[in-house]
Every structure is written in C-alpha cells, then in structure tokens.
Amino acid sequence: MADSASSSLMKEQTDKIVPMVWFSCALAALAGLLFGMDVGVISGAQAGIEATFQISEQMMGWIVGSMMLGAAIGAFGAGQISRLLGRKKSLLLSAVLFVAGSLLAAWSWSPAVLIAARILLGLAVGIASFTAPLYLSEIAPERIRGTTISMYQLMVTVGILAAFLSNTALSYLEGESWRWMLGVIAIPAVLLFVGVLMMPNSPRWLASQERYNEARQVLNKLRSGEHEVENEMDEIQESMKLEQHTSGWAMFRSNPNFRRSVTLGVALQLVQQFTGINVIMYYAPKIFQLTGFEDTAAQLWSTVIVGLVNVFATFIAIGFVDRWGRKPILYTGFAIMTVSMAVLGTLLNIGTTTAALQYTAMTALLVFVAGFAMSAGPLVWTLCAEIQPLKGRDFGITCSTVANWVANMIVGTYFLVIINNAGGPITFWLLAAINFLFVFFIAVFVPETKGISLEKIEKNLMSGKSLRNIGT
Ligand code: BGC
C-alpha cells in the first residue's frame with residue numbers, strides 16, 4: 001500500500017511539466033510570432049511606402065524580397081552561430097536584430113535604408129526560425145515535444161494574423177502610418193529579448209560544449225524528478241557520441257543516400273514556396289484591388305480574414321496529420337490549391353464586374369489559403385525534419401530552410417513584375433498549373449511517414465530504398 005502510494009507519487013512528480021519549461025516554450029514560440037509578424041507586415045505597409053517614396057514596382061519587389069534575402073543568409077549561418085554562441089545567445093542576437101531592424105525600417109529616410117532594415121530583419125528571422133524550434137526540441141520533455149513544435153508553426157500563422165490586424169488598425173492613423181506598422185514590431189521583439197535573458201541555456205548545447213555540470217543544473221530546473229534528470233543526461237551523452245561522429249558536409253559528399261534526402265528536403269521547400277502562398281501573404285491588398293475591392297480599408301480588413309483562415313486551417317493539419325497521414329492531406333491540399341487558383345484566374349479573365357463575382361473571387365483566394373495551411377504549410381516543415389538521418393539532421397535542415405528563403409525571395413521579388421507583364425489571369429492559371437504538377441511530385445517522390453519511427457526511416461533511406469518508400 002505504502003509502496004504503491006510512493007510509486008504513484010514518484011510518477012506524478014516525473015509527469016509534471018515544470019513552469020520553467022512552459023515559460024521557455026512560450027518565449028521560443030514568441031520568436032515564431034515575430035517571424036510571422038515580419039512576413040505579414042509588408043502587405044499592409046506597401047501603399048504608404050509607395051506614396052512616401054514614389055517608387056517603381058521593381059523597387060517595391062526589392063523592398064519585399066530583401067527580407068527573404070536576409071533570412072536565407074541568416075538561416076545559412078544559423079547552424080554555426082547557434083553551435084558557437086549557444087541557442088540562448090543566438091536568440092538574444094536575433095531579438096536585438098529584430099529591434100534594430102524594426103526601428104530602422106520605421107525611421108527609414110530612403111528606399112535603400114528600408115531595404116537595409118529589411119535585410120537586418122531577415123537575418124533575425126533566419127536565425128530565429130532555425131534556433132527557436134531547435135531550442136524547443138532540446139528543452140521540452142519527449143512527451144510534449146511534438147506539440148511544442150506544431151505550436152511553433154501555429155505561432156507563425158498567428159504572427160501573420162497579428163500583423164494583418166495591427167496594419168488594419170494603424171491604417172486609420174493620419175500621415176505615414178506605414179512607419180508605425182513596421183515600428184510596432186519592436187515591442188514584441190523587446191519582450192523576446194527580456195524574456196530570453198531569463199531562459200536557461202539548452203542542456204544539450206551545454207553538454208556539446210562538455211559543460212556537463214551546468215547541463216545537469218539546467219535539467220534540475222526543467223525536470224521534476226532526480227530520476228528523469230539522470231536518464232536524460234545519459235541519453236544526451238549517448239547521442240553526443242553519435243552526433244559528433246561526422247560533419248554534415250562530409251557526409252553529404254560521401255553518402256549518396258544522404259544526398260537523396262537532402263535533395264528531397266530542398267525540393268519540398270521549393271514546392272512549398274512555388275505554390276504561390278506568399279504572393280497572397282505579401283500582396284493580398286493588391287490582389288483584392290485586382291478583384292475590384294477599391295477601398296483601402298476593405299482591402300485591409302480582407303487581409304484579416306486571410307490571416308484568420310490561415311490560422312484555423314493550420315489546426316486541421318495539426319489535428320489530422322497523425323490520423324490521415326501526410327500524403328492524403330498533401331493530395332487534398334494541392335487539389336484545393338489547383339482548383340482555387342484556376343477559378344481565380346478565370347474570374348479575373350471574365351472580369352469581376354458584379355459584387356457576386358467579386359465575392360466569389362475573394363472566396364477562391366481564401367479557399368487557396370486554407371488548402372495551403374492545412375497541407376504544405378506545416379507538413380513540409382515536418383517532413384523536412386523527419387526524412388533526415390540523425391547524423392546529418394542539422395545540415396539537411398539548414399539546406400532545406402535556405403532553399404525555402406531563396407525561393408520565397410524569388411516569388412516575393414518577381415510576382416509584381418510577372419503580374420504586370422502577363423496579367424492577372426495568366427499569372428493565376430500558371431500557379432494553378434504548377435500546383436497541379438506538384439501532385440505528381442508528391443505521388444512519385446514523397447514518402448508516407450505516419451506512425452513510423454525516425455530510426456526506421458533512416459534505415460530505409462540508407463539501404464537505398466526509393467524515396468517514396470522510405471516510410472514503409
Ligand atoms: C511558409 C511561409 C509562409 C507561411 C504562411 C510557412 O509554412 O514557410 O513562407 O509565409 O507558411 O503561413
């Protein structure tokens with residue numbers, strides 16, 4: 001009796017997630033929110049920037065795309081930075097860059113300064129988007145690890161929504177309201193900085209620096225039982241031996257199977273970006289204008305609806321990914337995206353002359369966003385982490401993340417040029433055709449990874465099985 005009472009007490013203690021873990025997870029998720037805000041803010045600020053600086057569409061494309069250039073560079077260096085400085089100092093660095101970039105953007109006195117500010121913000125986003133999920137996965141106890149990582153994805157969409165809302169609210173200010181839209185992001189960035197100061201270092205990173213005593217002290221703060229701490233220290237030391245075995249680049253050169261998984265990760269991110277999702281995230285008000293909504297306030301309120309749909313559809317993915325599997329969700333999402341883009345192109349072609357047609361066009365756009373957010377949005381990130389073998393995971397994820405930002409920049413920079421030269425109907429038909437082709441890409445190359453351990457996926461990959469079958 002006493003025995004069973006004490007063992008249930010022990011279990012209760014080890015099952016408890018200590019407040020410090022929730023606090024640190026919430027802060028890392030705040031980094032996701034900032035990432036989302038920086039993605040979302042530019043759509044509502046464009047009209048004002050154009051009015052202040054009288055710039056060409058090409059220059060506007062550069063202002064939008066410069067953040068993604070910074071993010072590609074940031075993501076490229078993030079692995080190294082977070083290894084050398086540690087996760088905590090990397091997040092601090094990115095918070096400083098977020099504050100500096102937001103303030104400089106708000107005060108920018110020329111388009112060139114604005115571009116420089118957006119590159120700084122991009123560096124911040126690139127570093128944060130690599131480090132925050134990594135930190136989360138390193139401090140969260142295993143049983144909540146999956147949830148915390150999905151939460152991070154969700155926070156990115158919440159950040160986009162927050163930016164759409166703040167853009168809309170601030171648009172009612174007199175004068176150059178775009179400066180407020182860009183500057184206000186400094187507030188959550190300061191919060192991130194102060195919060196990160198209070199966060200513990202990642203125990204895994206400390207162990208990788210051979211600072212085992214400190215690692216144990218941190219784990220004592222993050223776990224509720226002695227037993228749990230000791231088990232985890234053993235695990236960490238075990239996995240350190242593995243991870244330091246070889247560098248990702250050396251493995252990439254010598255191992256053709258690893259080259260296949262890295263190539264698949266890069267391809268998945270290119271596919272995600274060439275769906276055209278960010279055409280909507282960055283240029284939604286412009287597209288609403290094309291479909292006949294002339295009023296700026298109506299355009300901005302419509303972006304808020306886009307943001308809401310984006311958040312809610314992400315829940316579909318989170319809720320069903322482990323029940324339906326990755327591929328059925330991807331097929332459904334890409335079919336929805338193909339049809340909705342084709343409908344939008346066709347409506348623009350016949351002309352949205354009546355209110356009914358205008359609302360149908362807007363619905364097509366929202367359906368497209370829902371199709372993306374329930375599938376390619378979160379799932380591509382999940383798959384990119386799942387398909388890489390342990391020893392090359394950092395390298396593989398760095399490659400695919402950089403690919404995401406480079407493709408993101410290409411789409412963000414050239415969309416206005418394409419739509420002005422080819423026109424709305426052809427641009428959206430083209431996106432429909434691309435999304436249709438991606439269905440075949442999924443069928444031929446993408447594995448189903450539902451309910452299979454990462455070790456099994458790795459074994460299949462390394463034994464030379466075709467990519468499509470590494471999940472079976
Ligand atoms: C993509 C971003 C996009 C966001 C929209 C993410 O998965 O990587 O480029 O802006 O989804 O919610």
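Counting begins at 1 with the first residue of the sequence. When a ligand or atom number is given, it counts from 1 through the structure's own listing order.
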Relative to the ring of Phe395, is the ring of Trp249 parallel (under 30°), tilted (30 to 60°) or perpendicular (over 60°)?
-> tilted
According to the interplanar angle, ranging from 0 to 90°, do the rings of Phe293 and Tyr359 count as parallel (below 30°), tilted (30 to 60°) or perpendicular (above 60°)? perpendicular
Worked verdict on Trp405 versus Phe130 for ring-ring contact (aromatic ring centres under 6.0 Å, His included): CA-CA 12 Å; Trp405 288 111; Phe130 180 90; over 10 Å; no
Taking distance alone, no hydrogens or angles, what donor-acceptor pairs closer than 3.5 Å link side-chain atoms of residues 406-425 to residues at least two apart or in another chain?
| residue | atom | partner | partner atom | Å |
| --- | --- | --- | --- | --- |
| Asn408 | OD1 | Asn278 | ND2 | 3.4 |
| Asn408 | OD1 | Tyr282 | OH | 2.7 |
| Thr413 | OG1 | Met409 | O | 2.6 |
| Asn420 | ND2 | Glu57 | OE2 | 2.3 |
| Asn420 | ND2 | Leu416 | O | 3.1 |
| Asn421 | ND2 | Val417 | O | 2.8 |

* Please answer whether the main-chain N or O of Lys286 pairs with a side-chain N or O of Gln299 as donor and acceptor at a distance below 3.5 Å. => no
For ligand 1, protein residues within the heavy-atom limit of under 4.0 Å are Val39, Thr157, Ile160, Gln272, Gln273, Asn278, Asn310, Phe372, Gly377, Trp381, Asn404, Asn408
Apply side chain to side chain donor-acceptor pair (under 3.5 Å) to Gln358 and Thr352, showing your working.
CA-CA 5 Å; Gln358 280 178 14; Thr352 42; 5.3 Å; no
